[in-house]
Amino acid sequence: MYYTISEVSKKVHISPHTLRFYDKEGLLPFVERSASGVRMFKDADFESLFIIECLKKTGMSIKDIRTFIDWCSEGDKTIDQRLNMFREQQKRVTEQIAELQETLNVIKFKCWYYETAQATGTCAVHESLKPEDIPEDIRNLKGSIDKKYCLS
């Protein structure tokens, strides 16, 4: 069964404009065309689209994704390159997750900070809080934030 670009767009939540851009950039060499030049996607193409979107979400450039697609076209002789590329992306994503966790910790701390200030009507409340007045999880967040940013 074949799908139009509009049908594919709805199924994979990628705009037709983006799909056309991917095609123009050489990321969709597997997509067939009708005699009149209309793109015809097959069920098997969805996995490739999923991988392209996954790599894009990791911050990989279109150029590097195109290199990956080219390696796939070359077959088994590029397995090592593809594996190394995915290992590198795994490392990058792990680093991104750690950075986002740190950011989330700051946000959690600031939510507690302002919730406490809201409840008392002033931010000055924090000047009089003893460590035991601060919930342990927030105390731990505050300690790691202070240490990372040399605030204490």
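Residue numbers run from 1 in the order of the sequence given.
The same ILVMFWY cluster, assembled from side-chain heavy atoms under 4.5 Å apart, contains both I5 and F46. With hydrophobic clusters built from ILVMFWY side chains whose heavy atoms lie under 4.5 angstrom apart, L104 does not share a cluster with Y114. Both M1 and V8 are assigned to one and the same hydrophobic cluster, defined by single-linkage of ILVMFWY side chains at heavy-atom distances under 4.5 Å.
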Run the side-chain hydrogen bond (donor to acceptor under 3.5 Å, both in side chains) check on E88 and N84 step by step: do they pass?
CA-CA 6 Å; E88 188 60 35; N84 289 334; over 6 Å; no
Between F41 and T4, is the side-chain contact (heavy atoms from CB on, under 4.5 Å) condition met? List the steps.
CA-CA 6 Å; F41 293 83; T4 66; over 6 Å; no
Stepwise side-chain hydrogen bond (donor to acceptor under 3.5 Å, both in side chains) check, Q90 with R87:
CA-CA 5 Å; Q90 182 179 26; R87 284 182 175 151; over 6 Å; no
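A distance of 11.5 Å separates OG1 in T18 from CD1 in I52, rounded to the nearest 0.5 Å. Separation of atoms CD (E115) and NZ (K110) is listed at 12.5 Å; rounding is to 0.5 Å. Residue W71 holds its CH2 atom at 9.0 Å from CZ of R82, rounded to the nearest 0.5 Å. Taking CG of D70 as the start and CG of D64 as the end, the distance is 11.0 Å to the nearest 0.5 Å. Atom CG in L141 sits 11.0 Å away from atom CD1 in I134 (nearest 0.5 Å). A distance of 7.0 Å separates CZ in R66 from CG in L27, rounded to the nearest 0.5 Å.
No cation-pi contact links K24 to F21, judged by a cut-off of 6.0 Å to the six-membered ring centre and 45° from its axis.
Judged purely by atom type and a 3.5 angstrom limit, T78 has no side-chain atom pairing as donor or acceptor with the backbone of E74. The backbone N or O of I62 sits nowhere less than 3.5 Å from a side-chain atom of E25 that would complete a donor-acceptor pair. With hydrogens and angles ignored, the 3.5 Å screen pairs no side-chain donor or acceptor of S48 with any backbone N or O of A44.
The salt bridge (charged side-chain N to carboxylate O under 4.0 Å, His left out) contacts involving residues 27-43 comprise D23-R33, D23-R39, E32-K42, K42-D45, where partners must be two or more places apart or lie in separate chains. The list of side-chain hydrogen bond (donor to acceptor under 3.5 Å, both in side chains) pairs with a residue in residues 116-141, not counting sequence neighbours, reads W112-T116.
Put simply, the side chain of I65 does not reach to within 4.5 Å of the side chain of I51, judged on heavy atoms. In this structure, E53 and L49 have side chains that are not in contact, with every pair of non-hydrogen atoms separated by 4.5 Å or more. In this structure, Y113 and C123 have side chains that are in contact, with non-hydrogen atoms separated by less than 4.5 Å. Y3 has its side chain out of reach of M40: every pair of non-hydrogen atoms, C-beta onward, lies at least 4.5 Å apart. Side chains of L19 and S9 form a contact here, defined as non-hydrogen atoms less than 4.5 Å apart. In this structure, V12 and F50 have side chains that are not in contact, with every pair of non-hydrogen atoms separated by 4.5 Å or more.
Dense packing is recorded around CD of E95, with more than 12 heavy atoms of other residues, nucleotides or ligands lying under 6.0 Å away.
For D80, the side-chain hydrogen bond (donor to acceptor under 3.5 Å, both in side chains) test picks out no residue, with sequence neighbours left out.
Closest of all the heavy-atom pairs between Y2 and E7 is O-OE1, 4.1 Å.
Taking the ring centroids of F68 and F86, they lie under the 6.0 Å cut-off.
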